[in-house]
Amino acid sequence: MPGPESEFTPEEREILQRHFTNVDEPVFALVNLPEVVKGALFARYSRSPKSLRRLFLDEFYKDDDSQQQTANSKETDATLGVGRAEELYERVLVEYGEDSVAQLAGAHIAFEHVSNVLTKVIEWGRLMAYLEQSTRYIPYNNEQADGRWRYHVPAEIVDRALRASFIATMDLCFETYAAWFPRVEERLREQFPRAESDSKAAYRQSIRAKACDILRGLLPAATTANVGVFGTAQAFEALLLRLQEHPLAEAREAGAQALVELRKVIPVFMRRIDREDRGVAWSRYMHDTAANTHAEVARIALPRHAEAPSYVRLTEYDPDGETKVVASAIYPHTDVSDEEALTLARRLLPDERARLLRTHIGERTNRRHKPGRAFERTSYRFDVVVDYGAFRDLQRHRLMTLDWQPLSPYLGYDVPEEAIAWGIEDDWRRVMSACAALYGEMRDAGLEHACQYAVPMAYRIRFYMDMNARQAMHLIELRTSQQGHKSYRWVGQEMLREIRETAGHHAIADAMIFAELEASGGLERLAAEQAKERRLAALG
């Protein structure tokens with residue numbers, strides 16, 4: 001079979017060098033091409049005997065593309081082959097299937113100044129990547145240039161008196177946070193003086209992170225943040241379908257704005273969103289089923305709201321789970337059926353099963369060494385009540401199944417031990433009471449969804465997390481690390497205890513050797529900041 005050297009002419013090689021990372025090797029990347037071209041090119045690739053580079057030259061590249069502008073022009077790269085790609089997309093919809101083609105193009109998009117309520121809506125999708133501004137590293141102790149604090153005022157509040165009450169209460173949250181921030185930092189410097197071996201920068205950052213951790217419960221869910229999102233065209237379509245019929249006006253507006261911007265970079269993949277018979281109908285289906293289910297549930301006599309302490313409860317597990325994990329570890333190394341592998345695992349003595357499982361896990365030298373897919377054979381479902389700030393961190397584990405109840409003041413709130421020790425408690429409770437009263441005003445005004453904006457992050461929320469043992473290992477080892485926030489560290493530690501004691505899966509629990517069960521009593525971020533400085537120094 002002829003290789004690239006004999007396949008391409010010198011003129012073709014010059015063209016290919018602008019759009020492929022190499023011309024001669026069997027593995028290469030695509031560069032300087034619009035997303036729609038990459039997607040359509042790969043879609044065509046799946047049904048063509050040609051190489052990808054030959055396919056590009058024959059079906060996507062046109063001489064007049066290069067004649068219009070110079071070969072090195074970025075404008076040429078930005079539009080090259082778009083018309084051809086969109087023609088192909090229209091032509092092959094029936095042959096290839098719209099959804100499969102939409103998995104081959106992607107985009108980066110930023111949502112700025114969105115509330116913490118909306119960030120959770122945006123981050124619902126599993127198959128996207130998100131980076132969100134953190135309340136741990138971004139202090140909210142300064143007003144913006146326009147003299148306002150960083151929070152969202154929901155459009156649903158049309159009554160002038162209620163709007164004034166909302167703004168006054170949100171200002172109280174931020175003013176209390178800002179007033180205490182330097183005092184908390186000073187207390188922390190007194191409690192944890194800088195050692196000579198600690199760099200000033202690492203120490204300063206760890207003090208700031210600890211102060212942010214202590215005070216973040218004062219911030220309301222209306223607090224704004226920036227979110228960067230990367231995903232395929234298919235994932236973005238799913239996101240926009242959820243946003244365009246969402247009960248919150250902020251979500252609908254963000255979806256409409258995102259659609260405008262995505263049509264600038266992946267336009268052909270965004271055509272179904274606002275078509276009445278396609279995207280609009282799908283969005284309406286999701287909205288109607290949620291609304292109808294809510295109404296049907298409201299007809300059922302349920303217990304009244306009652307304050308609940310923070311807890312982690314294992315509500316579902318398989319008592320035979322460890323044996324099934326052993327069977328799954330056996331399966332790829334034999335030629336027997338799945339049922340026979342399970343029978344074999346059950347016949348093994350407990351010590352033999354434990355030895356096989358230890359062999360499957362291997363010598364883990366860091367938490368990124370994960371056991372194989374056998375650990376996906378058993379799962380755990382946890383019912384969790386914890387403060388909203390911790391929920392925001394745990395919700396990022398999107399590959400597991402997770403859903404939550406609306407944020408409200410009904411479950412009560414947490415007060416950090418530092419707030420009690422340092423005289424913040426009265427101000428803390430004043431903020432919580434004011435926000436609970438505002439929540440009631442908004443709910444009485446019929447703002448059933450928008451009232452969540454009024455609730456500070458110290459209030460508790462109930463949610464469930466359903467995960468297999470492999471996901472549990474990732475979550476527990478990551479979230480119990482010493483540098484983590486104590487509220488979600490506790491959740492991870494409780495999950496591990498439930499797996500060991502309630503489920504009785506001792507071998508699986510023992511495999512989570514990087515779970516840290518000791519209480520953190522110092523500057524949690526200091527070691528991480530020092531490690532970061534060492535890595536930067538090594539880079540010169």
Side-chain angles (χ1 to χ4, degrees), residues 309-332 341-342 344-386 390-391 393-402 463-520 524:
S310 296
Y311 65 70
V312 177
R313 294 175 184 160
L314 181 60
T315 58
E316 286 184 21
Y317 64 92
D318 184 351
D320 203 24
E322 279 195 344
T323 300
K324 291 178 179 177
V325 169
V326 170
S328 291
I330 291 171
Y331 182 85
L342 182 57
L344 174 59
R346 285 175 172 152
R347 287 176 180 169
L348 293 175
L349 296 174
D351 287 349
E352 292 176 314
R353 284 198 295 268
R355 185 171 65 250
L356 197 152
L357 199 54
R358 285 195 300 270
T359 303
H360 177 71
I361 295 165
E363 296 295 325
R364 301 181 64 222
T365 58
N366 68 67
R367 64 176 174 80
R368 290 176 176 81
H369 290 171
K370 299 293 192 298
R373 291 188 173 182
F375 265 54
E376 299 174 15
R377 182 71 181 271
T378 194
S379 62
Y380 311 99
R381 183 181 177 97
F382 295 95
D383 189 42
V384 182
V385 172
V386 73
F391 161 76
D393 294 305
L394 295 169
Q395 188 265 345
R396 294 174 187 166
H397 293 265
R398 296 174 301 278
L399 290 183
M400 60 189 64
T401 301
L402 184 150
F463 58 100
Y464 76 79
M465 304 182 79
D466 201 315
M467 65 196 81
N468 61 46
R470 201 162 186 250
Q471 293 166 334
M473 174 180 284
H474 170 73
L475 183 150
I476 290 169
E477 292 188 335
L478 174 65
R479 294 303 180 184
T480 60
S481 63
Q482 283 284 337
Q483 68 189 52
H485 194 289
K486 64 174 65 176
S487 56
Y488 66 66
R489 286 195 72 220
W490 172 80
V491 173
Q493 290 164 351
E494 284 295 292
M495 286 180 170
L496 180 58
R497 184 186 61 78
E498 288 277 87
I499 290 171
R500 183 187 302 279
E501 297 179 8
T502 303
H505 293 178
H506 298 281
I508 290 175
D510 289 344
M512 302 182 193
I513 58 175
F514 294 101
E516 300 186 44
L517 305 182
E518 302 80 11
S520 56
E524 292 88 358

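A quick note: this is a predicted structure, and the numbers were derived from the prediction, not measured.
- Here the shortest heavy-atom pairing between Val386 and Ser310 reads CA-OG, 4.0 Å.
- Side-chain contact between Val491 and Arg479: absent, with no pair of heavy atoms (C-beta onward) separated by less than 4.5 Å.
- Smallest separation of non-hydrogen atoms from Met512 and Ala469: CE-O, 4.2 Å.
- In the displayed structure, Arg396 atom CZ is contacted under 6.0 Å by more than 12 heavy atoms of other residues, nucleotides or ligands.
- With hydrogens and angles disregarded, no donor-acceptor distance shorter than 3.5 Å links the side chain of Arg367 to the backbone of Leu478.
- Scanning both residues, Leu394 and Leu402, for their nearest heavy atoms gives O-CD1, 4.0 Å.
- Although no hydrogens or angles enter the test, the distance criterion places no donor-acceptor pair under 3.5 Å between the side chain of Glu376 and the main chain of Arg470.
- A search for ring-ring contact (aromatic ring centres under 6.0 Å, His included) contacts involving Phe391 returns Tyr388, Trp404, Phe463, not counting sequence neighbours.
- The stretch residues 480-491 participates, sequence neighbours left out, in these salt bridge (Lys or Arg N to Asp or Glu O under 4.0 Å) pairs: Glu417-Lys486, Glu418-Lys486.
- Two residues are said to be in side-chain contact when any heavy atoms from C-beta on lie closer than 4.5 Å; Ile508 and Thr378 meet this criterion.
- For the pair Phe375/Leu357, a side-chain contact is recorded, criterion being any heavy-atom separation below 4.5 Å from C-beta on.
- Annotation for Gln482 and Glu518: closest pair NE2-O, 3.4 Å, computed over non-hydrogen atoms.
- Within 6.0 Å of OH on Tyr488 lie more than 12 heavy atoms contributed by other residues, nucleotides or ligands.
- Of the N and O atoms on the side chains of His505 and Tyr317, not one donor lies less than 3.5 Å from an acceptor on the other residue.
- Contacts of Arg364 classified as side-chain hydrogen bond (donor to acceptor under 3.5 Å, both in side chains), with partners at least two apart in sequence or in another chain: Glu477.
- Partners of His397 under the ring-ring contact (aromatic ring centres under 6.0 Å, His included) rule, at least two apart in sequence or in another chain, are His474.
- His485 meets the ring-ring contact (aromatic ring centres under 6.0 Å, His included) test with no other residue; sequence neighbours excluded.
- Nearest heavy atom pair, residue Ala515 against residue Thr480, reads CA-OG1, 3.4 Å.
- In terms of the ring-ring contact (aromatic ring centres under 6.0 Å, His included) criterion, His360 has no residue partners (sequence neighbours excluded).
- Between Glu498 and Val312, the shortest heavy-atom contact is OE2-O, 3.8 Å.
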